[in-house]
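Everything numeric in this text was worked out from a predicted model, so none of it was measured.
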Amino acid sequence: MRNTLSKDPTRQAFKHTGNDCWECKDYKTFYMTIRPTNTETDIRKGRDPNHYVLSMSTGDIVDGLEGLPNAFAKGYDLADEIYYSRYPGLKYDK
């Protein structure tokens, strides 16, 4: 199983897309976005406007992440966890 898009390292890193949002287009086949939880809907739901939310193409959403470095790390860790749980024993080939 090989994904040729994943061989491009620029698609595997989070990039700033404006409005304090970040996206990673292809890390171990997953698409991820990170944004601050400062919209009206976030505030109505009780989310801290100084935190971030991670959304993944798997449907997973993680909110309450303090700081961008923590949000980036959580995204990569969660993608690793999901990838290896779906494909046990399969080594990811860059």
Side-chain angles (χ1 to χ4, degrees):
M1 170 186 244
R2 286 199 168 167
N3 184 344
T4 57
L5 294 175
S6 294
K7 291 181 181 180
D8 180 355
T10 63
R11 295 180 62 85
Q12 297 175 14
F14 281 98
K15 295 207 183 314
H16 188 250
T17 60
N19 294 331
D20 208 19
C21 295
W22 299 76
E23 70 178 13
C24 177
K25 292 185 178 182
D26 193 13
Y27 179 76
K28 292 189 178 172
T29 73
F30 301 109
Y31 177 85
M32 302 180 277
T33 60
I34 294 173
R35 67 167 182 81
T37 52
N38 60 2
T39 66
E40 288 184 33
T41 302
D42 292 322
I43 294 168
R44 273 197 309 269
K45 290 185 175 189
R47 293 179 175 150
D48 186 327
N50 297 312
H51 289 176
Y52 291 87
V53 62
L54 164 71
S55 302
M56 296 188 60
S57 58
T58 59
D60 294 285
I61 297 173
V62 181
D63 65 1
L65 300 169
E66 294 184 50
L68 279 173
N70 186 35
F72 295 153
K74 181 64 178 179
Y76 292 131
D77 289 347
L78 187 55
D80 288 342
E81 180 183 320
I82 294 168
Y83 182 85
Y84 291 116
S85 70
R86 287 183 179 178
Y87 309 107
L90 183 64
K91 182 178 179 182
Y92 183 77
D93 219 2
K94 282 189 178 181

Peer 1: Can we say K74 and D60 salt-bridge, meaning some charged N sits less than 4.0 Å from an Asp/Glu carboxylate O?
Peer 2: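 Here K74 does not pair with D60 in a salt bridge, since their nearest N and O are not under 4.0 Å apart.
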Peer 1: Is there a side-chain contact between Y31 and D26 (heavy atoms, below 4.5 Å)?
Peer 2: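 No, every pair of side-chain atoms sits at 4.5 Å or beyond.
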Peer 1: Looking only at heavy atoms, which two atoms of W22 and H16 are closest? And how far apart?
Peer 2: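 Minimum heavy-atom separation between W22 and H16: CE3-N, 3.2 Å.
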Peer 1: Counting only heavy atoms not in D77 (residues, nucleotides, ligands), do more than 12 fall under 6.0 Å from its CG?
Peer 2: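 For D77, atom CG is crowded (more than 12 foreign heavy atoms under 6.0 Å).
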Peer 1: Please confirm whether the backbone N or O of H51 pairs with a side-chain atom of T37, one donor and one acceptor, at under 3.5 Å?
Peer 2: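 The answer is yes, because a donor-acceptor pair under 3.5 Å joins these two groups.
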Peer 1: Can you spot which of V62, L54, T17 makes a side-chain contact (heavy atoms from CB on, under 4.5 Å) with I34?
Peer 2: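 In the set V62, L54, T17, the residue that makes a side-chain contact (heavy atoms from CB on, under 4.5 Å) with I34 is L54.
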Peer 1: Can you find a heavy atom in the side chain of T33 that is under 4.5 Å from one in the side chain of K25?
Peer 2: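 Result no, sub-4.5 Å side-chain heavy-atom pair not found.
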Peer 1: Can you check whether M32 reaches F14 side chain to side chain, under 4.5 Å on heavy atoms?
Peer 2: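 M32 vs F14: side chains touch.
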Peer 1: Verify the distance criterion only: is there a donor paired with an acceptor across the side chains of Y84 and K28 at less than 3.5 Å?
Peer 2: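 A donor-acceptor contact under 3.5 Å links the two side chains.
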Peer 1: Please report the shortest heavy-atom distance between C24 and Y76, naming the atom on each side.
Peer 2: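 Answer, listing the atom of C24 first, then Y76: SG-CE2, 4.4 Å.
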Peer 1: Please check if the side chain of D48 supplies one atom and the backbone of N50 the other of a donor-acceptor pair under 3.5 Å.
Peer 2: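 Looks like yes, one N/O pair under 3.5 Å.
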Peer 1: Within this structure, what is the CZ-CG distance for the pair R47 and N38, rounded to the nearest 0.5 Å?
Peer 2: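 Going from the CZ atom of R47 to the CG atom of N38 covers 11.5 Å.
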Peer 1: For Y27 and D80, which I'm curious about, is there any donor-acceptor pair between the side chains at under 3.5 Å?
Peer 2: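 Yes.
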Peer 1: Using a 4.5 Å cut-off on heavy atoms from C-beta on, say whether the side chain of I82 contacts that of M56.
Peer 2: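 M56 vs I82: side chains touch.
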Peer 1: Could you go through D42 and R35, starting from their C-alpha distance and side-chain angles, then the distance that decides it, and tell me whether this counts as side chain to side chain contact (heavy atoms under 4.5 Å, CB included)?
Peer 2: CA-CA 11 Å; D42 292 322; R35 67 167 182 81; 2.6 Å; yes
Peer 1: For the residue pair D20 and P36, what are the closest heavy atoms and their distance?
Peer 2: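 Between these two residues, the closest heavy atoms are O-CD, 3.1 Å.
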Peer 1: Give a yes or no on whether V53 and F30 share a hydrophobic cluster (residues Ile, Leu, Val, Met, Phe, Trp, Tyr; joining criterion: side-chain heavy atoms under 4.5 Å apart).
Peer 2: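 No, because V53 and F30 fall into different hydrophobic clusters, even though each may have its own neighbours under 4.5 Å.
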Peer 1: So which heavy atom on E66 is nearest to which on N70, and how close?
Peer 2: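 The pair with the smallest heavy-atom distance is O-CB, 3.1 Å.
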